[in-house]
Each structure stands twice: as C-alpha cells, then as structure tokens.
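To start, the structure itself, in structure tokens.
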Amino acid sequence: MSTLPNLDASLITSGPLDSSRPPRILLLYGSTRERSFSRLLVEEAARLLQHFGAQTRIFDPSGLPLPDDAPREHPKVQELLELMQWSEGQVWCSPERHGSMSAVFKAQIDWVPLSLGAVRPTQGKTLAVMQVCGGSQSFNTVNQLRVLGRWMRMFTIPNQSSVPKAFMEFDDQDRMKPSALYDRVVDVMEELVKFTVLLRDRPDLVDRYSERRESAEELSQRVNQRSI
C-alpha cells in the first residue's frame with residue numbers, strides 16, 4: 001500500500017478477482033509534454049488498476065506519426081494496434097485544448113480501424129474516460145470521448161473524471177494529492193475493473209444481426225463462385 005498512500009484499503013469493496021485472468025487494461029493519454037498531466041493522471045490510474053487486480057499497459061504517443069502520414073507498418077503504429085487487440089478494457093485521458101480533446105489523443109484513435117482483418121480491435125471492450133483541465137472544471141472532452149467510444153463500439157462506464165487546474169493536483173514527486181478529485185479517480189478505476197470482468201466473456205452482447213447477415217451473404221457468394 002506504500003505506493004497508494006491516499007487510498008483507504010478498508011473502504012474498497014471490490015471482490016477478489018481470478019488471479020489467473022487479470023483484466024487487461026490499456027491506458028492512453030493525450031500529450032507529449034515532458035511533464036504531461038494527462039500522463040501523470042494515467043499513471044495514477046494504472047497504480048489503482050493494478051491494486052484492483054488488473055494488468056496494465058500505457059502507450060506512449062511520442063513518435064506516433066500523424067494518421068496516414070506513414071505506413072501502417074510503422075513501429076509505433078504496430079505497437080498501438082497490438083495493444084488495442086491485447087486489451088479487454090481501456091482508459092482514455094486527454095487534456096482539454098480549445099474546448100476539445102487534443103490532437104495527440106485523437107491521432108491515436110484515428111490510427112485504429114473499426115476492422116483489423118477479421119477482428120474489430122475495440123468492439124465490446126470497456127472504456128473509462130478522463131480529462132485534465134488547465135483552468136476551471138470542464139466536461140467538454142470527456143463528453144467527446146464518450147461519443148468517440150460509442151463510435152468505436154465500446155462500453156463506456158457511467159463514471160468519469162475531470163481534473164480542474166491539474167497543475168495544482170500533483171506534488172513534486174508527480175503523485176496526485178489527496179482530494180475529492182483523487183477519490184473520483186479511485187471510483188472510476190474500481191468501476192472499470194468491475195465492468196470489464198462482467199462483460200469480457202459476453203461477446204454475444206455485441207454480436208450484430210446486420211454483421212451476421214453480411215457474413216452469410218459473403219459466404220454464399222464464395223460458395224457460388226466455387227460452383228461456377
């Protein structure tokens with residue numbers, strides 16, 4: 001618990017997880033600054049997720065080319081796509097810039113196709129959204145991230161985190177200070193783990209009639225072509 005000095009473990013109600021199947025959570029952040037507060041918030045979230053029994057990976061967007069400005073074989077693009085497929089749930093955290101998510105964050109999602117071979121890399125995965133603000137608290141970015149998550153066919157959990165004046169919420173060791181804002185991050189990560197465990201074995205929830213029909217038609221066409 002020394003790595004989580006602000007967490008009261010006696011108040012955690014999450015039940016024990018199957019240690020052989022820790023939920024796999026990918027965390028994305030939206031700034032390449034040397035001291036990025038979206039990165040610091042993601043690192044704090046990752047510590048909490050690990051405490052709740054999850055396995056975490058954080059993608060560093062530095063060096064990721066602009067969408068379509070490099071081949072898909074670019075090492076950073078391949079790293080991102082592999083992590084997308086690896087994950088069962090995700091955390092998205094972006095700074096708010098000009099009332100919107102950052103270009104750094106959006107570029108990561110724009111590299112991810114709805115379909116990757118026969119696999120949809122984000123469909124049916126859980127998602128938690130967070131944002132950091134330079135000034136007063138806003139919800140523009142988390143609202144946009146929710147729309148983006150729906151477009152990527154993800155289950156976005158009800159809770160979310162928005163941290164105003166983020167530069168005041170981290171100490172000299174880049175750890176988040178104890179506050180109601182920190183407690184909300186705990187809420188979000190605990191909820192994400194619960195939903196991920198609940199939904200990860202239910203592919204039928206996102207099994208679509210229209211896609212089954214499309215697959216059946218494609219199969220029928222291939223059979224007909226072979227018979228000609």
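These values consider heavy atoms only, across backbone and side chains, with no hydrogens, waters or symmetry-generated copies.
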Trp86, CH2: over 12 other non-hydrogen atoms inside 6.0 angstrom: yes
For Phe59, is the NZ or CZ atom of Lys76 found under 6.0 angstrom from the centre of its six-membered ring and inside 45 degrees of the ring axis? yes
With Thr56 as partner, the option from Glu43, Gln50, Arg47, Arg24 fulfilling side-chain hydrogen bond (donor to acceptor under 3.5 Å, both in side chains) is Gln50
Would you compute the distance between atom OH of Tyr182 and atom CG of Asn6 and round it to the nearest 0.5 angstrom? 5.0 Å
Spacing of Arg57 atom CZ and Leu26 atom CG [to the nearest 0.5 Å]: 9.5 Å
What distance separates Leu28 CG from Ser38 OG, expressed to the nearest 0.5 Å? 10.5 Å
Is it the case that over 12 heavy atoms from other parts of the model lie below 6.0 angstrom from the CZ atom of Arg213? no
Main-chain N/O of Pro158 paired to Arg146 side chain as donor or acceptor, under 3.5 Å: yes
Heavy-atom donor-acceptor pair, Arg39 side chain to Glu34 backbone, under 3.5 Å: yes
Can you tell me if Thr126 and Thr196 form a side-chain donor-acceptor pair at under 3.5 Å? yes
Would you compute the distance between atom CD of Gln137 and atom CD of Gln131 and round it to the nearest 0.5 angstrom? 8.0 Å
Distance in Å, Arg200 CZ paired with Glu88 CD, rounded so as to fall on 0.5 Å steps: 5.0 Å
Interatomic distance, CE@Met130 vs CH2@Trp92, rounded to 0.5 Å, equals 13.0 Å
Would Asp110 and Lys106 pass as an ion pair if we require N to O under 4.0 Å? yes
Can you confirm whether Asp171 is buried at CG, in the sense that more than 12 heavy atoms of other residues, nucleotides or ligands lie under 6.0 Å from that atom? yes
Okay, side chain of Ser87, backbone of Met84: is any donor-acceptor separation there less than 3.5 Å? yes
For Arg153, I'd like to know if atom CZ has over 12 heavy atoms of other residues, nucleotides or ligands within 6.0 Å. yes
Has Lys165 got more than 12 heavy atoms of other residues, nucleotides or ligands less than 6.0 Å from its NZ? no
